[in-house]
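The shown structure was predicted, so the numbers you read here are calculated from the model rather than taken from an experiment. Counting starts at 1 for both ligands and their atoms, following the listed order. Numbers here are sequence positions counted from 1.
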Amino acid sequence: MGLTIAQKIIKNHLVCGEMKTGNEIGLKIDQTLTQDATGTMAYLQFEAMGIERVKTELSVAYIDHNTLQAGFENADDHRYIQTVTKKHGIRFSRPGNGICHQVHLERFAVPGKTLIGSDSHTPTAGGIGMLAMGAGGLDVAVAMGGGTYYITMPRMIKINLKGRLSAYVGAKDVILEVLRMLSVKGGVGAIVEYGGDGVKTLSVPQRATITNMGAELGATTSIFPADETTKEFLIAQGRGEAFTPLCSDEDAVYDEEYTVNLSALKPLAACPHSPDNVKPVSELAGKKINQVCIGSCTNSSMLDMLTVAAMLKGKTVHPDVSLSISPGSKQVYTMLARCGALADLIAAGARILECACGPCIGMGFSPNSAGVSLRTFNRNFLARSGTADAQVYLVSPETAAASAIAGVFTDPTGLGEGVCVEMPAKFEVDDNLIELPASVEEAAGVTVERGPNIKPIPVGKAPDEDLRSTFILKVGDDITTDHIMPAGTKVLPYRSNVPKLSEFCFTVCDPTFPQHAKAAGGGVILGGANYGQGSSREHAALVPLYLGIKAVVAKSFARIHVANLINFGIVPLTLANPDDYEKFSQGDEIEVIGFKEAVKNKDEAMVVCKATGARAKVRLNFSARQREILLAGGTLNYTKQNG
Ligand code: MIC
Ligand code: SF4
């Protein structure tokens, strides 16, 4: 039987397990990346493992998230990451060099290799044919130390692309269409591969837009073949030698197949507050808007920026609209400046931000009260923008630029022929903002700088014999890690300070949760389907652990979050019958008799409500390795116990 693209890469990197859908498999990881909002924790954990030098082929630490320095905290964390990486053999991408995924695609991603990153949009590198996955910081730390990365062998989804995009329809519209078809749960447990004749009509940055936002499908990753276009992109980046062709076998078998006709696609928008709440822009046309933000790891490539600049040239941003533009990398920024396109953007009234995540993670540029914000980003979760009642729509750069000029939702296909921009044949390559680590000999002399904001990491405990606790919070379906552990300017500076961070836990759902949880000494969370979707932030497990959360009972869990829960010793229990969710209320006292024994070796257990007698069967779908981790109270304890 033939293999899919992903199966080929998995086969070449398989350390243990059988490549059968649903089985736990272990992979060798060639490259890792971290960003600053998750990196501080990842490096603290790496240091705790006592390994002197990374064992990967390449590891890079980026500073791109926490770049607003309204106090000492972020700058201190940057210094910590800069020095700890220097000591342990990791490259350091300085603030100002750009968004991790954009820079990694430009400078380091290699077809056929494996990459894990402590950021859920790591699959961006799938645009170049790399098996790139988001993971918790602790899993990245383990991989840096040469350890195996474990995933559940995914099922394979194929999206056949046919035709060619029309003028003013972008790669963003392709992934929005896929999200419309499959939903934010559609990719859970799957790898999404793109194929068909339409692939060759898409440039690598366009492919990367699609694989980037594949994270919103809940997929393990998304991947494109590595073909002539990939080769040209690598040559244009001065990295032609990194190219290896890669495609699926003719007789590869997919579990699900879909077709997207690029020629028939129209501009789309994901409406508040979910990336799969997709509507045609034409249906929203004429609706007043207040803000437009262009950038993020989804849409900040040279091609995107040149398109926007060509559309804004000689025009003025509508007086009722505030437009921000954040180019994705120093390479993009410099080239825009040199070719004059930056001047066109500035002249039109765009507010140019540094090349970083910026408004995407609520680092400034929050909309006005109840403001309508059009963003070329990948997430429009409630309150993520920093304004609780903002209405965020996710759109293509083409729709964003057309609407910024008009002041209302505008379908750009009504503008006529379209602007003609070409991928540069050669990019301006200068890695001067990537610091190389100290040599093995020099490393001992490097002092790691730690600011006062760095606080100890909470450590989990072995499960009790019987679980006697309370459903301290009941939440609905599709709860994101932004609900559990919000981000933004006020919260992000505390990513290395869990006690302080705990003051913000679940406040999007219930502002009193932190005090309540502390007073109650913890409890159990009751969640709906796809609990923990979204980002890779392990803080969404670490902080609940700090607040005493022992288990989460949910209809289903998102991949990275469930791995993070297990890593920190919080037991994820899946309702065997999702309808049983209705039997329980917030505040119910519950018990699971024989809890520890169930974690040790049972597939099922019973949750019983003490007051009503309501019962629900829960599944413990764990591998033997995961059971041992949970019994040890998390991966850090487990690693210590096992040397
Ligand atoms: C995000 O887009 O939500 C983030 C911020 O990049 C996160 C990582 C984090 O929370 O630091 C992600 O996607 O994993
Ligand atoms: Fe940064 Fe936004 Fe991309 Fe996350 S999704 S890495 S915050 S640009």
Does R379, backbone or side chain, put an N or O under 3.5 Å from an N or O of ligand 1? yes

Could you list which atoms of ligand 1 come closer than 4.0 Å to a heavy atom of T38? 9 (C), 11 (O)

Any N or O on S536 sitting closer than 3.5 Å to an N or O of ligand 1? yes

L131 side chain reached by I191 side chain, heavy atoms, under 4.5 Å: yes

Heavy atoms of other groups near K279 NZ, more than 12 under 6.0 Å: no

Under 4.0 Å from one or more heavy atoms of N378, ligand 2 contributes atoms 5 (S)

With respect to D119, determine whether any N or O atom, backbone or side chain, lies less than 3.5 Å from an N or O atom of ligand 1. yes

Please tell me if the side chains of T85 and R91 come closer than 4.5 Å, counting only heavy atoms from C-beta onward. no

Among protein heavy atoms, which sits nearest to atom 8 (C) of ligand 1, and what does the distance come to when rounded to 0.1 Å? Q35 NE2, 3.1 Å

Would you mind listing which atoms of ligand 2 come within a distance below 4.0 Å of any non-hydrogen atom of D119? 6 (S)

Number the atoms of ligand 2 from 1 as they appear, then name those within less than 4.0 Å of a heavy atom of C360, with their elements. 2 (Fe), 5 (S), 7 (S), 8 (S)

Evaluation steps, ring pair (Phe, Tyr, Trp, His ring centres under 6.0 Å), between Y62 and F92: CA-CA 6 Å; Y62 294 90; F92 178 74; 9.4 Å; no

Taking atom types as modelled, find out whether H483 and Q533 have a side-chain donor-acceptor pair closer than 3.5 angstrom. no

Atom 4 (Fe) of ligand 2 [closest protein heavy-atom partner, distance rounded to 0.1 Å]: H65 NE2, 3.8 Å

So, regarding R495 and ligand 1 (criterion: nitrogen or oxygen to nitrogen or oxygen, under 3.5 Å), is there a contact or not? yes

Assess whether atom CZ of R239 is packed by more than 12 heavy atoms of other residues, nucleotides or ligands within 6.0 Å. yes

Geometric class of the F224/Y194 ring pair [parallel <30°, tilted 30-60°, perpendicular >60°]: parallel

Of all the non-hydrogen atoms in the protein, which one sits nearest to atom 8 (S) of ligand 2, and at what distance? C297 N, 3.3 Å

State the atoms of ligand 2, each with its element, that fall below the 4.0 Å cut-off from a heavy-atom position in I361. 7 (S)

Ligand 1 atoms nearer than 4.0 angstrom to some heavy atom of R384 are 1 (C), 2 (O), 3 (O)

If the cut-off is 4.0 Å to any non-hydrogen atom of H101, which atoms of ligand 2 fall inside it? 6 (S)

Distance alone, cut at 3.5 Å: any donor-acceptor contact between the side chains of N299 and D304? yes

side-chain hydrogen bond (donor to acceptor under 3.5 Å, both in side chains) with Q331: which of Q102, Q237, E428? Q237

Starting from atom 1 (Fe) of ligand 2, what is the nearest protein heavy atom, named by residue and atom, and what distance separates them? C357 SG, 2.3 Å

Which atoms of ligand 1 are found less than 4.0 Å from any heavy atom of I361? 5 (C)

Check whether any heavy atom of Q35 sits under 4.0 Å from an atom of ligand 2. no

With a 3.5 Å cut-off and no angle check, do the side chains of S59 and T32 form a donor-acceptor pair? yes

